[in-house]
Amino acid sequence: MRRSILFLLLVSVSTAATVLCAPLEDPALTYRQYKFLEEEYALAKSPGFYFLINLKAKRIELKSKGILLRAWEPQKIRFWGSPAPFRALTLKRKTALNLPQRRVIKPGEEETAPKPQAKPGEFELEALEVKDMPRFFTLELENGTTISVVSKEKGLKKLWSSLKWHIGMPLKTLRLRQKKRVVSLIQIGFDDSKEGQALYWALTEGIKGLIWYNYL
Amino acid sequence: MFVKRAVLFVKRLVPTVKRLVLIGLKLACIAVILAVGCGYFLGIRDISGWRQKIYATPGQADLAKSRAANDALKKKFEKLGPKGVYIVIDTGANKFYLKKGTEIVRQGIVSTGSGDILPDPSGKRQWVFDTPRGEYTVTSKVENPYWVKPDWAFIEEGEPIPKNKDDRVVGGELGDYALGFGDGYFLHGTLYTRLLGRNVTHGCVRIGDEDLKFLFKSASIGTKIYIY
């Protein structure tokens, strides 16, 4: 009898706790989602493509008219400093150590493209392709926010990158604060370098986008 | 004697120098730790300061309003997208997707622009062989298209540009079908099927025969094409 009462009590308390502690819908989050959708709608109405970066979901999307064209799911996204404003920002510049170079054709030069009978993989094609894109690059937005993209970091490189982030970034914040400037940096990491290269290929200078800092 | 004294002096100095160096290193570490701590404090303050400025916190009563506004906006989004099928071309991966809504009806490999630059020997113009990116519409549909070779096709080969238009016409190079999307760019067939999947064209999009036939039959004038 006592055991049954104890058991019933335990079950009731657990149920009550689950119900009472269940998270209520956060009005602030819903409102932020609405503001974000509003900004995205304004972008979708305008001509051209736009990008969305969702920091919590670790997802980058290329869209047009609300349609998803391509998505990337990096293994790492982190940000530091003052978040970008809650409005569409233009990608001003892409920078990298080794920028891809276009081939200049000399009129009348022998055709370098292989004959149609050649099997794939048996030739070296001279053309600008995704594999020629840089694996490490930065995207600078109009408000000064920098998006740094890294690929395939392993071993010592990864350790160095961690040190630069956890020690270098606070020191940089301090140094720039003395000059009355703020740091705003997002770091995106891909294990597969092709994904990073495809991102560089797809995002052109002048494209607008939004960043969703939805875990604040 | 002097040397002996000098050696003794240096020997007494070394431990002091060692102690000073150690103290200096410890102070430097403390300074770095303090600086990093200050940096972290400032960084976190930046985020929370932003949060207070940007994040309005409507009351519970406005929650229903926000939810309704969200739903209304989502419906507006649906009206923006194309009705029916549309074509997406990924110039990086050299793939095409024929989609309806979020469903992929057909996909396959293509060849897109090489990105090469061809300067005119006269120096007055140059061509960049990129496949244009953006949102386009199918503006023409042609069966058994023939190619009217533009000036760059002759310049590239080192041949003189013909004065007679008929000398520019070449048949059989563009496959069985072509879908035009403006400015002289087409989705068309190719003899070089083994090069599909590579960036080899002068800007047009080359598609394999079966895929092209399917696209030709599925798309109509006004079908949207998204190229990135």
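Chain letters run A, B, ... following the sequence lines, proteins first, then strands; residues in each count from 1.
Residue A/Gln197 does not touch chain B at all, counting heavy-atom pairs closer than 4.5 Å. Neither the backbone nor the side chain of B/Thr102 comes within contact range of chain A, judged by heavy atoms closer than 4.5 Å. A/Ser184 does not touch chain B: none of its heavy atoms, backbone or side chain, sits under 4.5 Å away. Looking at B/Val88, the atoms closer than 4.5 Å to chain A (heavy atoms on both sides) all sit in the side chain, from C-beta outward. Only the side chain of B/Tyr86 comes within less than 4.5 Å of a heavy atom of chain A; its backbone N, CA, C and O stay farther away. With a 4.5 Å cut-off on non-hydrogen atoms, B/Phe41 does not touch chain A at all. For a residue to count as touching a neighbouring chain, one of its non-hydrogen atoms must lie under 4.5 Å from one of that chain's; by this rule B/Lys224 does not touch chain A. Neither the backbone nor the side chain of A/Gln101 comes within less than 4.5 Å of any heavy atom of chain B. With a 4.5 Å cut-off on non-hydrogen atoms, A/Ala198 does not touch chain B at all. Looking at B/Asp120, there are no atoms closer than 4.5 Å to chain A (heavy atoms on both sides), in backbone or side chain. Only the backbone of A/Leu68 comes within contact range of chain B, with heavy atoms under 4.5 Å apart. Using a 4.5 Å cut-off between heavy atoms, A/Lys45 contacts chain B through both its backbone and its side chain. Contact annotation for B/Leu34: neither backbone nor side-chain heavy atoms come within less than 4.5 Å of a heavy atom of chain A. Heavy atoms closer than 4.5 Å to chain B are found in the side chain of A/Trp80, but not in its backbone.
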Could you walk me through whether B/Asp130 and A/Arg102 satisfy the side chain to side chain contact (heavy atoms under 4.5 Å, CB included) test, starting with their C-alpha distance in whole Å, then the side-chain angles of each, then the deciding distance to 0.1 Å, before giving a yes or no? CA-CA 11 Å; B/Asp130 282 335; A/Arg102 291 178 184 271; 2.8 Å; yes
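The closest donor-acceptor contact from the side chain of A/Glu129 to the backbone of B/Asn199 lies under 3.5 Å. Using modelled atom types, no side-chain atom of B/Asp116 and backbone atom of A/Val104 make a donor-acceptor pair closer than 3.5 Å. In this structure, the side chain of B/Tyr40 engages the main chain of A/His166 through a donor-acceptor pair within 3.5 Å.
Ring-plane geometry between A/Phe49 and B/Tyr226 is classed as tilted, the angle between the planes lying from 30 to 60 degrees on a 0 to 90 degree scale.
Scanning both residues, B/Pro82 and A/Ile67, for their nearest heavy atoms gives CD-CD1, 2.9 Å.
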